[in-house]
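Note that this is a predicted model, so its numbers are computed, not measured. Remember, it's 1-based here, ligands and their atoms both numbered in the order they're listed. We use all heavy atoms of the structure for the numbers below, so side chains are in, but hydrogens, waters and symmetry mates are not.
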Amino acid sequence: MMQDIMKQADKVLAKTYLRQPIVITRGEGVTVWDADGKAYTDFVAGIAVCNLGHAHPRIAKALCDQAGRLFHVSNLYYTQPQIELATWLVDHSFADRVFFCNSGAEANEAAIKLSRRYFHEKGEARHRIVSAEKSFHGRTMATLSATGQDKIKKGFHPVLGGFDFVPFNDIDAMEKAVDHETCAVILEPIQGEGGIRMPDSGYLAAVRRLCDDAGALLIFDEIQTGIGRTGKLFAHEHFGVVPDIMSLAKALANGLPIGAMLAREDVAEAFGPGAHATTFGGTPVITAAAIETLSILTEEGVIEKAVETGDHFLSRLRDLRDRHPVIVDVRGKGLMIGMELSVPGAPLVTACLKRGFLVNCIQENILRFAPPLIIEKAAVDALVDCLDELLSRK
Ligand SMILES: *Cc1c(COP(=O)(O)O)cnc(C)c1O
C-alpha cells in the first residue's frame with residue numbers, strides 16, 4: 001500500500017524534497033506510525049517543530065474548541081487569541097511588540113523589512129544587512145538572499161542585494177563588515193541547518209557591542225533554536241545577549257503554521273499601519289494552539305526536562321565518538337544536537353529508519369537530532385545503542 005501512495009506522489013508532487021520511503025499516518029508523543037503499522041521513534045520532530053510530541057491531546061482540544069468558535073477573520077479586526085499570544089511572548093522576552101505571520105521565512109522577511117524601515121523612518125540611508133556563512137534564514141527571495149549557503153541560491157540569481165557575509169565566529173571579519181551603511185546583523189545564536197554550529201564563548205556579546213557601536217540593529221533568528229529547543233525558552237538567554245528583533249516559527253504552535261517577529265518598542269515603531277501585513281497571520285485557530293503549546297511547555301517543566309535529557313544524550317554520543325573514529329564531532333545544546341561524521345550520513349539514516357528511528361542528515365555528513373523535548377532517556381538510549389551497533393558493523 002505504501003508503494004502505491006509513493007508512486008502517486010512521484011507523479012503529482014513537485015520534486016523539491018528527497019523523501020524517506022515511508023508514508024506516515026499517525027503520531028502520538030515521540031512515536032509515529034507508517035501506513036503499514038510500523039512504529040518509529042521520531043528524532044526529527046518535524047525538524048524541531050513538534051517539541052511537545054505528536055497529536056498532543058491538550059493542543060488538539062484547544063485547536064478544536066477554537067475551530068468551533070471562529071477560524072479566521074481579517075487583521076482589520078481584533079481577536080482574543082492573537083492578543084493573548086502576543087502578551088505571553090512580550091511577558092517572556094525582551095520584546096514589546098509582535099507581528100504574526102505563517103512561517104519562518106515570513107518572520108525573517110518581516111525582520112529584514114523592519115530593520116530597513118527603521119532607518120528609513122529615522123532618515124538614515126542604511127540598508128545593508130550582515131549575515132553569516134553557513135546560515136539558513138529561509139527560501140523566499142529575501143531570506144535566501146540573507147542565507148550564507150550558495151546551494152540555496154543556485155539558479156535564482158539575481159538575488160536581493162544589500163547582504164554581506166562573514167564567517168560565523170569570526171569577530172574581526174564582523175568588525176570589518178559592520179559600518180555606517182549596516183542596518184542590521186542577522187544571526188542564528190546556534191546555527192541549525194548549517195550544521196549545528198555553536199557560537200564561540202563571547203562571540204555573540206562581541207557582535208552585540210559592534211552593533212551598538214555602529215548604531216546597527218541585531219536580529220536573532222530563533223526559528224529553530226527558540227521555544228525550549230536548546231534548554232532555554234530562547235537560545236540567546238544562554239549567552240546573556242539580547243537582540244533588537246527576533247524571529248520565531250517552527251515549534252511555536254507545535255506543528256501548525258505560524259511565524260512571529262518580535263521587536264523592542266522603538267524599533268517596532270517603524271511598522272505603522274499599512275507598512276506590512278499578511279492575510280493569515282495570527283489567525284485565531286493557530287494562535288489558540290500556540291497559547292496552549294506555551295502553557296504546557298512552562299506548566300509541565302518541559303524545558304527543564306530537555307536540559308537533562310539533552311545532557312544525557314550528548315554525553316552518550318560523546319562516549320560513542322570516543323569509540324568510533326568515524327564520528328568527528330558531537331555538539332549541541334539542549335535537544336538540538338549534531339553528530340558530524342567523516343563519511344556521508346545517508347546510509348546511517350536509512351539503517352536507522354529500518355530499525356525504527358527517524359533521524360535527519362544535514363550538510364551531507366552531519367546527523368541532526370531534534371526529538372520532541374518530552375522524550376525519555378530510555379528512548380535516547382535505544383537510538384544510541386542502535387547507532388553503536390550500526391557503526392560497529394562497518
Ligand atoms: C526552518 C528555518 C527557517 C525557515 O522557516 P520556514 O518556516 O521553513 O520558512 C529560517 N531560519 C531558521 C534558522 C530555520 O531553522
Taking 4.0 angstrom as the limit and counting only heavy atoms of [X], give me the atoms of ligand 1 inside it, by number and element.
X	answer
Gln224	15 (O)
Ser103	7 (O), 9 (O)
Ala105	4 (C), 5 (O), 6 (P), 9 (O)
Asn108	10 (C), 11 (N)

Are Arg197 and Phe168 in a cation-pi setup, meaning NZ or CZ lies under 6.0 angstrom from the ring centre and within 45 degrees of the ring axis?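 Here Arg197 fails the 6.0 Å and 45° test against Phe168.
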
Which part of Ile47 is near ligand 1, with near meaning a heavy atom under 4.0 Å away: side chain, backbone, both or neither?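 For Ile47, no heavy atom sits under 4.0 Å from ligand 1.
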
Please work out, at 4.0 Å between heavy atoms, whether the side chain, the backbone, both, or neither of Glu188 comes within that distance of ligand 1.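 It is the side chain that gets close, since no backbone atom is under 4.0 Å.
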
Looking at [Y] and [X], is any side-chain nitrogen of the basic one under 4.0 Å from a carboxylate oxygen of the acidic one?
X	Y	answer
Arg208	Asp212	yes
Glu376	Lys305	yes
Arg323	Asp388	yes
Arg117	Glu121	yes
Glu292	Lys61	no

Cluster link Phe100 to Phe271, ILVMFWY, side chain under 4.5 Å: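 Different hydrophobic clusters.
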
Using the rule that Ile, Leu, Val, Met, Phe, Trp and Tyr join whenever any side-chain heavy atoms are under 4.5 Å apart, tell me whether Leu390 and Leu320 fall into a single cluster.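 Yes, Leu390 connects to Leu320 through the hydrophobic network.
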
Tell me whether [X] has any N or O atom under 3.5 angstrom from an N or O of ligand 1.
X	result
Gly104	yes
Ala249	no
Gly138	no
Glu106	no

Kindly check if the number of other-residue, nucleotide or ligand heavy atoms within 6.0 Å of CD (Gln80) is above 12?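 12 or below, so no.
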
Selection from Arg139, Arg229, Lys250 by shortest heavy-atom distance to atom 14 (C) of ligand 1: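 Selected option, by shortest heavy-atom distance: Lys250.
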
Using the ring centroid of each side chain, check whether His127 and Phe119 are separated by less than 6.0 Å.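 They do not qualify: ring centres at least 6.0 Å apart.
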
What residue and atom, counting heavy atoms only, is the protein's closest point to atom 11 (N) of ligand 1, and at what distance?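 In this structure, atom 11 (N) of ligand 1 has Asp221 OD2, 2.8 Å as its nearest protein heavy atom.
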
Closest non-hydrogen protein atom to atom 3 (C) of ligand 1, residue and atom name please, with distance?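 The closest one turns out to be Phe136 CE2, 3.6 Å.
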
Is atom 6 (P) of ligand 1 in close reach of the protein, with a heavy atom under 4.0 Å away?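 Protein heavy atom within 4.0 Å of atom 6 (P) of ligand 1: present.
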
Work out whether the distance between some heavy atom of Glu193 and some atom of ligand 1 is less than 4.0 Å.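 Judged by the 4.0 Å heavy-atom criterion, Glu193 does not count as contacting ligand 1.
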
